[in-house]
Every structure is written in structure tokens, then in C-alpha cells.
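As C-alpha cells, the structure follows; a few thoughts come after it.
In what follows, chains are A, B, ... by sequence order, proteins preceding strands, each numbered from 1. Values below: all heavy atoms of this structure, side chains included; hydrogens, waters and symmetry mates excluded.
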Amino acid sequence: MVRAEDSVILSQQLLVSVAEQIKLPLLQIARLAELGHTDRVQATADSALQLLDNYVLAVRLNLEAELTPLALEPVSVSSVLYDVGTQLSEYAKGYGINLELNVAGRYGTVMAHRQGLQAALVSLGLSLIEALPAQESPQLTLQLATHRCRYGVVAGLYTDTERLTGDVLKHGRRLHGASRQPLLNLTQNSGAGVFVADSLLQAMNLELKVSRHHRLFGLGAVLQPNNQLQLI
Amino acid sequence: MAHLIMIEPDRVLAETYREACVRAGHSLVPCASAQAAILAADQKTPDAVIVELQLIQHSGIEFLYEFRSYPEWQHIPVIIHSVVSPAEFADNWELFKQQAGISRYLYKPHTTLKELLATVDGVLQPA
């Protein structure tokens, strides 16, 4: 269990990261408005609001989890990924990114806090969408996908960038709160979306991992299958 | 009409700045990375370069040292336009400014398009 003083430090580090990150959509809104592109402001404002909501949820769930383990429910991964894709589609379009949903196969249900899992994947998506064009990725495609692994079921977001390695996340977690750009090879920003996702999954006692899906590289949540329902 | 190169890792912002420059009668090549900017400068020598310091992989500072190492690019005006506040350089600012030959430093969150374009015009036609 996380000690209260640790969680205060963690949430403050997360707040700084979110505050740094939120400058980007605000800056985009200010400059788009200056050019008179008010039609493109909405998707940008929505992304900022999503990140703020997800940050608040992460803090709230972690505070709840300090008192008692979070109640998890059976959740359909495919349905969560579909909703995540819907939430991210407008923002991805603004960055010229093609969002693909790959939920082929039957994965049944997993144990998670539905709102928390969806918020975690949306946060990851926001970070990756912003980072992808600067990665000089050959194809600007982000795939929402799920697959089985030896730890359980992984639901995540995948691209063809080879810079997304285990070290990026490991060093990022270490530098989080100390550096203004902790995910050095992944994003030019504070990477708040990744850390908000990390924090949300932590509250559910789940893990964020760098993983591969076929030939793609990505970040995903490792989920535990709901064995009871599978037997029925 | 001036030919500008801008290192801006965010695609939405890059496109916004490009459009503003085109409207002002300049051409601007947005580059997402330091390497892309060096290649762009090699293809067509810019009249000025606008640089973000916080980038993926190689930073804007690394770009500046590389860029200034070529004799033909040593006198091209460079404007820093960054999310990194100049206050973060503390006492090293003057040294860095001198070594990298920086004409102006603009803190991106506080710089309007109008101010950016005025700065570009200012460095292209020094008083």
C-alpha cells in the first residue's frame, strides 16, 4: 500500500506534469484563434478537458485505493477500446493520424474499473497522438489493439516507432517530477498522459507495460481475465 | 519574401505558424526534429531559423552547435521560440546566447503570431 505522504508527492509530481502538458492545447487554441480557425479549437479544448478529467480521476482512485482496494468489475476489453477510439478520433484527425481498431479474437472480460481503464487508455492515446508526427514514423497510424500474453490480456496503443522501448518507460518513471521532458525519446512534452495512465492503472493494481503487437511497438495495460465468467 | 526554417515538434502548431508566415509573405519549412532542419537547410539556405529547444532525441541546443559548425550558416539569424523559459538558463544565458549566435529569445506561450512575425522582420532587417 502507498503511504499517504508518498501519494501526496506523487500527485504533486503528476500535477506539475499535467500543468506543463496543458500548456500545449492552450497554446494551440490561442494561436488557432489568432488565425481565425475557431472551427479547429473544439477538438483541442476537448483533449485538454479529457486530460484534466483523467488526472482528477487518477488522484481520486488512488486516494480511494489507499483506504481499501478498489472494487473491480468484469469489463469487456473490446468495448473499452471501441469507446477509446471514439473519444480519440477527432484529436487524431487534427494530427493527421489514422486510428485503427484491432480487436479481432475473443478475449472475454477482464477485471478492471471501467471508467479508470478507459481514462488510462485515452490518456495514453493523447500522448502518443501528439508525439507520433515528431517521431518521423513512416506511417502515421495508431492501432488500438488487444492480445493475450503470459501475464494476462494486454490492451494498448501501438505504432511503428522503434523508439518505444522498455527503457523509455523505466527512465521516464525515474525522471518523472524531476525533468521537464522525462520520456526523452518518446515525446517532446511532459508526457503527462502516460503518467496519468500509469497512475490510474496503479490504483487498480494493474501495470502499464511497453509491449509489442505483431510488428508494432506500444504501451498497454496488463489486465487479468475474469476466469469465473469464462467458465460459465 | 524570406525563406524560414522552423523546428517545431508539434504538428498542429507547426501548421499554424506556417500558415501565419505564408500570410505575411514568407515561406516556412516546418521541421519536427533537429536532423530534419539540418537537411532542410542543406537543401535551401534559410534567411532565418526559428528553433524550439525541447525536442525528441536531439535538443535545439544540439542543433545550434551543429548548425553553427558550418561556416556558410554562421551568420544566419536564429530566433529561439521555445516552451523553455529563458529564466531557466540562469547565469548561463549570456554565454549560451553568445556561443550559439542567438538573435532573439521568445518564450512560446507568451508570444503571439504577430510578435513572432515582427521579430522575424526585425532580425531580417536589423536597424
Side-chain angles (χ1 to χ4, degrees), chain A residues 19-45 47-48 90-97 126-137 140 161-165 168 172 179-191, chain B residues 6-24 26 28 30-40 50-63 81-90 106-119:
Chain A
E20 282 291 338
Q21 185 70 46
I22 223 76
K23 282 183 193 171
L24 175 67
L26 292 177
L27 184 58
Q28 289 173 348
I29 289 168
R31 298 301 156 255
L32 285 168
E34 214 180 328
L35 274 186
H37 289 311
T38 45
D39 52 322
R40 287 161 60 188
V41 159
Q42 193 180 339
T44 309
S47 78
E90 272 304 303
Y91 198 57
K93 214 182 283 175
Y95 274 86
I97 288 170
L126 293 174
S127 266
L128 291 173
I129 286 168
E130 286 162 9
L132 209 50
Q135 293 280 347
E136 287 153 356
S137 141
L140 287 176
T161 174
E162 290 179 12
R163 290 184 193 159
L164 196 45
T165 62
V168 170
S179 163
R180 56 163 41 248
Q181 193 186 2
L183 300 163
L184 197 56
N185 283 342
L186 180 66
T187 172
Q188 68 275 16
N189 300 315
S190 70
Chain B
M6 174 183 249
I7 310 183
E8 172 51 67
D10 185 77
R11 180 176 263 207
V12 174
L13 284 177
E15 186 48 39
T16 310
Y17 292 124
R18 195 195 62 77
E19 192 180 327
C21 285
V22 168
R23 283 190 196 181
H26 303 305
L28 183 139
C31 301
S33 67
Q35 299 98 306
I38 292 286
L39 289 175
I50 305 165
V51 181
E52 168 57 89
L53 298 176
Q54 199 168 295
L55 305 170
I56 292 175
Q57 270 208 329
H58 301 289
S59 71
I61 293 174
E62 286 174 281
F63 164 81
H81 181 238
S82 177
V83 292
V84 181
S85 155
E88 292 187 36
F89 285 94
L106 303 172
Y107 179 49
K108 202 190 283 179
H110 293 175
T111 307
T112 62
L113 295 174
K114 207 185 272 182
E115 286 164 343
L116 177 65
L117 291 168
T119 306

For a quick test of reading the model, state the closest non-hydrogen atom pair linking A:S47 to A:L126 and the distance between them. O-CD1, 3.7 Å
Residues B:Y107 and B:P86: closest non-hydrogen pair is CB-CD, 4.3 Å
Contact origin within B:E88 toward chain A - heavy atom pairs under 4.5 Å: side chain
Contact check, side chains of B:L117 and B:C21, non-hydrogen atoms, under 4.5 Å: yes
Part of B:L55 within contact of chain A (heavy atom distance under 4.5 Å): backbone
With a 4.5 angstrom heavy-atom cut-off, which part of B:S59 approaches chain A: side chain, backbone, both or neither? neither
Heavy-atom check, side chain of B:L116 versus side chain of B:M6, under 4.5 Å: yes
Contact leader toward chain B among A:E130, A:R180, A:E20, A:R40, where contacts are heavy-atom pairs under 4.5 Å: A:R180
Pick from B:T111, B:V83, B:I56 with the largest number of heavy-atom pairs that fall under 4.5 Å of chain A: B:I56
Under the rule for side-chain hydrogen bond (donor to acceptor under 3.5 Å, both in side chains), what residues qualify as partners of A:S179, not counting sequence neighbours? none
Would you list the pairs meeting salt bridge (Lys or Arg N to Asp or Glu O under 4.0 Å) in which at least one residue belongs to residues 51-63 of chain B, sequence neighbours left out? B:E52-B:K108
Please examine the side chains of B:V51 and B:F63, heavy atoms only from C-beta on, and report whether any two atoms are closer than 4.5 Å. yes
Within residues 30-39 of chain B, the residues sitting under 4.5 Å from chain A by heavy atom, in sequence order, are B:A32, B:S33, B:A36
Contact leader toward chain A among B:E15, B:K114, B:R11, where contacts are heavy-atom pairs under 4.5 Å: B:R11
Against chain B, residues from residues 27-37 of chain A with at least one heavy atom under 4.5 Å, in numeric order, are A:L27, A:Q28, A:R31, A:L32, A:E34, A:L35, A:H37
Within the structure provided, determine whether A:E90 and A:Q42 are in side-chain contact (heavy-atom separation under 4.5 Å). no
Between A:A43 and A:Y91 the two heavy atoms that sit nearest each other are O-CD1, 3.8 Å
Contacting moiety of A:L186, where chain B heavy atoms sit under 4.5 Å: backbone
Got A:Q181 and A:N189 here, is their nearest side-chain heavy-atom distance under 4.5 Å? no
Check whether any side-chain heavy atom of A:P25 lies under 4.5 Å from a side-chain heavy atom of B:V12, and answer yes or no. no
Could you walk me through whether A:L24 and B:L13 pass the side-chain contact (heavy atoms from CB on, under 4.5 Å) check? CA-CA 9 Å; A:L24 175 67; B:L13 284 177; 3.7 Å; yes
What are the two closest heavy atoms between B:V84 and B:Q54, and how far apart are they? CG2-OE1, 3.8 Å
